[in-house]
Amino acid sequence: MRDLERRLSEALPWVVWRYSDLDWEWLVREAKLHDLQNRLGFERRLERSRLVREDTLCQESMTQAEQRWLRDRRSAQAQHWNLLTGLLPEHLRYAG
């Protein structure tokens, strides 16, 4: 998916909480298959397959100016996972 509505990104932790019985092995396998494992970042078991390529977390239409701004202000975890996002835990009010 090239662009995901930002509110949907914020709702993803709720989905994980609500459907905790997801087939995580399948999800991780599919993410790796499509080189999207950094989007699932913050998962220790994905550390060994962390990508060097920077990702916008489904915001492909982000401008260069937005990318530069986020690159300078993203969290340490987002930087570690090479994600250009300003999303922080306090923004995830729907998480359980």
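Residue indices begin at 1 and follow the sequence shown.
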Checklist outcome for this item: Heavy atoms of A78 and T85 approach each other most closely as CB-CG2, 3.9 Å
Next on the checklist: As a quick check of understanding, evaluate side-chain contact (heavy atoms from CB on, under 4.5 Å) for R53 and N82, giving each step before the final call.
Outcome noted: CA-CA 7 Å; R53 176 180 49 83; N82 297 317; over 6 Å; no
Item to check | Note, R29 side chain near L33 side chain (heavy atom, < 4.5 Å) | outcome: no
Checklist entry - Rounded to the nearest 0.5 Å, what separation is found between the CD atom of E43 and the CZ atom of R50? => result 14.5 Å
Checklist entry - How long is the span from the CZ atom in R48 to the NZ atom in K32, to the nearest 0.5 Å? => result 7.5 Å
Checklist entry - Should W24 and W81 be regarded as members of a common hydrophobic cluster, given that ILVMFWY residues are connected when their side-chain heavy atoms come within less than 4.5 Å of each other, either directly or indirectly? => result yes
Checklist entry - Taking only residues two or more places apart in sequence, or in another chain, which ones meet R68 in a side chain to side chain contact (heavy atoms under 4.5 Å, CB included)? => result Q64, A65, R71
Checklist entry - Got a donor-acceptor contact below 3.5 angstrom from the Q37 side chain to the S49 backbone? => result yes
Checklist outcome for this item: One should read off an interatomic distance between R39 CZ and H34 NE2, to the nearest 0.5 angstrom, of 11.5 Å
Item to check | Verdict with reasoning, E47 to H80, per side-chain contact (heavy atoms from CB on, under 4.5 Å) | outcome: CA-CA 10 Å; E47 182 65 37; H80 177 78; 3.0 Å; yes
Next on the checklist: Contact between L84 and R73 at the side-chain level, heavy atoms closer than 4.5 Å - yes or no?
Outcome noted: no
Checklist entry - From D72 CG over to Q79 CD, what is the distance, rounded to the nearest 0.5 angstrom? => result 9.5 Å
Item to check | N38 to L83 - nearest heavy-atom pair and separation | outcome: O-CD1, 3.3 Å
Item to check | Linked, directly or transitively: L36 and W26 (ILVMFWY side chains, under 4.5 Å) | outcome: no
Checklist entry - If you look at every heavy atom in L40 and A31, which pair is closest and at what distance? => result CD1-CB, 3.5 Å
